[in-house]
There are 2 protein chains.
Amino acid sequence: MAAVKAHTADLATRLVDEAGRVLSEEGAVSLTLRRLAGRTGTSTMAVYTLFGDKQGLLAAMYREGYARLGAALDAAALGVDDPLTALATLGMAYRETALANPHLYDLMFGRPVPSFEPDPEAKAVADASYRPLVAAVQRCLATGALVGGDAERTALHLWAVSHGMVSLELAGHIQGDAAQRAALYTDALIYASVPFLPPEQPPSPPRR
Amino acid sequence: MAAVKAHTADLATRLVDEAGRVLSEEGAVSLTLRRLAGRTGTSTMAVYTLFGDKQGLLAAMYREGYARLGAALDAAALGVDDPLTALATLGMAYRETALANPHLYDLMFGRPVPSFEPDPEAKAVADASYRPLVAAVQRCLATGALVGGDAERTALHLWAVSHGMVSLELAGHIQGDAAQRAALYTDALIYASVPFLPPEQPPSPPRR
DNA sequence: ATCAGATGAATAACGATGTTATAGTCAGTC
DNA sequence: GACTGACTATAACATCGTTATTCATCTGAT
């Protein structure tokens, strides 16, 4: 039974991985169970026995997307000493992760299916991916690099700015080439942090 | 022929309206051509003769959504004298419009179909909905209520904050009841404007 | 070692969807 | 009054998600 469980678990991760690959390469329309079965060398029934139905697979992808986002943010902040630099690194990692898998990002933050209400566990995973940002803000508050006291509220604002810019960019509403869009994103992060910077050292005006 | 054209144009608008209603009431999954044909008293072929295919209908809904968003913003800013108040009114109207039709908002800012690249006309409509915000910022710059000079850049940041907060709220990432969420949104608008407020009058700390 | 029982996957079938092909209907024209 | 043309309704097709049925494989006890 252990071998069976390992096999099914392996097949489950393989299905989630391959589904993410199809999603990134061909989009949500091409993510059919038959295509997925063909690419993983199994049948459509694997999804039903392992995830219940297609929505179960999408829910697993939702969880996996947030888990990877949280891991990417954790890895980005790791080893960066300066708290403000760590915060900026988090912001850049957020954008890169989103742009690397736009369809997965859409699945995570959009509502492709109206009846798709993430279960509490999925919501917990989603909220967990948000913790590295709160931790980085708390580090800044502890060192005085940021002021304001409310780490949760500050982190939420930084998240909203990052997510808003990334979402607008993915929707095609940010003009300019890749370098210009990256610069606009950096500027947005600077703008977002202005209300929380200590008044002693006024912020340098953003470039461009 | 004029009567025919008027009839078809009327049928086209009726299809777009009814599709938006189905989208709001039952979600994207229930937006099928047969259901739409049943509710409008016609057949599935109407979509093909009037819009080419279902994507054409979605593109028309995309354009209509942005057109209504722009109209709502225009109407909101109309008759508000104080430039900063007008800007804040725009921000509130943006959120209300988005929350009133979450699925339409998702269609506008998400990418439900990977091959759905809005045609230039649709992009023009989308960009036009953005102009009232730029105009309101320009009014603030003219009166000195905001400083910085670059109206486009300032408006983009305000848009990113509004869109980011609304998108996070629609995705269920903003905790609290409706009043708390509205207050968080208001605070976010205040934070967003801080970098562009004149230094003479430091901003009052946001409530909560 | 063998066999009953069970668990999971493969095959086939069903209803529904987007789309296309075909036939029908009505306006305006000579 | 037949005709052309545009638009619509009906029917058929391929494919999708899903389910029912059958088949294979593994487990555990004798």
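Numbers restart at 1 for each chain; the letters A, B, ... are given by sequence-line order, proteins then strands. Computed from a predicted structure; not experimentally measured.
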Enquirer: Quickly work out the B/Glu26 CD to C/dT17 P distance and round it to whole Å.
Expert: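 Rounding to the nearest Å, CD of B/Glu26 and P of C/dT17 are 12 Å apart.
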Enquirer: Output the single nucleotide from C/dA9, D/dA9, D/dG17 whose closest atom is nearest the side chain of A/Tyr48.
Expert: D/dG17
Enquirer: CG of B/Asp53 versus P of C/dT19: gap in Å, rounded?
Expert: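 Those two atoms, CG and P, are 5 Å apart.
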Enquirer: Where the side chain of B/Ser43 is defined as all heavy atoms beyond and including C-beta, which of D/dA9, D/dT18, C/dG18 is the nearest nucleotide?
Expert: D/dA9
Enquirer: Check every strand shown and say whether B/Leu57 touches a base, only sugar-phosphate, or nothing at a heavy-atom separation below 4.0 Å.
Expert: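 Contact class for B/Leu57: none.
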Enquirer: Determine whether B/Tyr191 and A/Thr154 satisfy the following criterion, side chain to side chain donor-acceptor pair (under 3.5 Å), listing intermediate values before the conclusion.
Expert: CA-CA 10 Å; B/Tyr191 288 147; A/Thr154 304; over 6 Å; no
Enquirer: Could you say whether A/Arg34 or A/Met45 is positioned toward the 5' end of DNA chain C, judged by the nucleotide with the nearest heavy atom to each?
Expert: A/Met45
Enquirer: Looking at every strand, decide which applies to A/Leu36 at a 4.0 Å heavy-atom threshold: base, sugar-phosphate, or nothing.
Expert: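 The answer is nothing, as A/Leu36 stays clear of every strand by at least 4.0 Å.
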Enquirer: What is the distance, to the nearest angstrom, from the CD atom on B/Gln55 to the P atom on C/dT19?
Expert: 7 Å
Enquirer: Between B/Leu11 (CG) and D/dA6 (P), how many Å, whole number?
Expert: 18 Å
Enquirer: Assuming nearest nucleotide by heavy-atom distance, tell me which of A/Gly52 and A/Arg35 is located more 5' along DNA chain D.
Expert: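 Looking at DNA chain D, the more 5' nearest nucleotide goes with A/Arg35.
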Enquirer: Once you round it to whole Å, what is the distance between C1' of D/dC16 and NZ of A/Lys54?
Expert: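 Going from A/Lys54 (NZ) to D/dC16 (C1'), I get 8 Å.
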Enquirer: Can you classify the ring geometry of A/His173 versus B/Trp159 as parallel (below 30°), tilted (30 to 60°) or perpendicular (above 60°)?
Expert: tilted
Enquirer: Could you tell me how far apart A/Phe51 (CZ) and D/dG17 (P) are, to the nearest whole angstrom?
Expert: 15 Å
Enquirer: Looking at A/Asp177, I want to see if its CG is surrounded by more than 12 non-hydrogen atoms of other residues, nucleotides or ligands under 6.0 Å.
Expert: yes
Enquirer: Quick check on D/dA9: is either OP1 or OP2 less than 4.0 Å from any side-chain nitrogen or oxygen of B/Thr42?
Expert: yes
Enquirer: Just how far, in rounded Å, is P of D/dC16 from CG of B/Leu33?
Expert: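 These atoms are roughly 17 Å apart.
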Enquirer: Got more than 12 heavy atoms from elsewhere within 6.0 Å of CD, A/Glu25?
Expert: yes
Enquirer: Could you tell me the separation between the CG atom of B/Leu15 and the C1' atom of D/dT8, rounded to a whole number of Å?
Expert: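 Atom CG in B/Leu15 sits about 12 Å away from atom C1' in D/dT8.
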Enquirer: Does the side chain of A/Leu156 reach to within under 4.5 Å of the side chain of B/Ile174, using non-hydrogen atoms?
Expert: yes
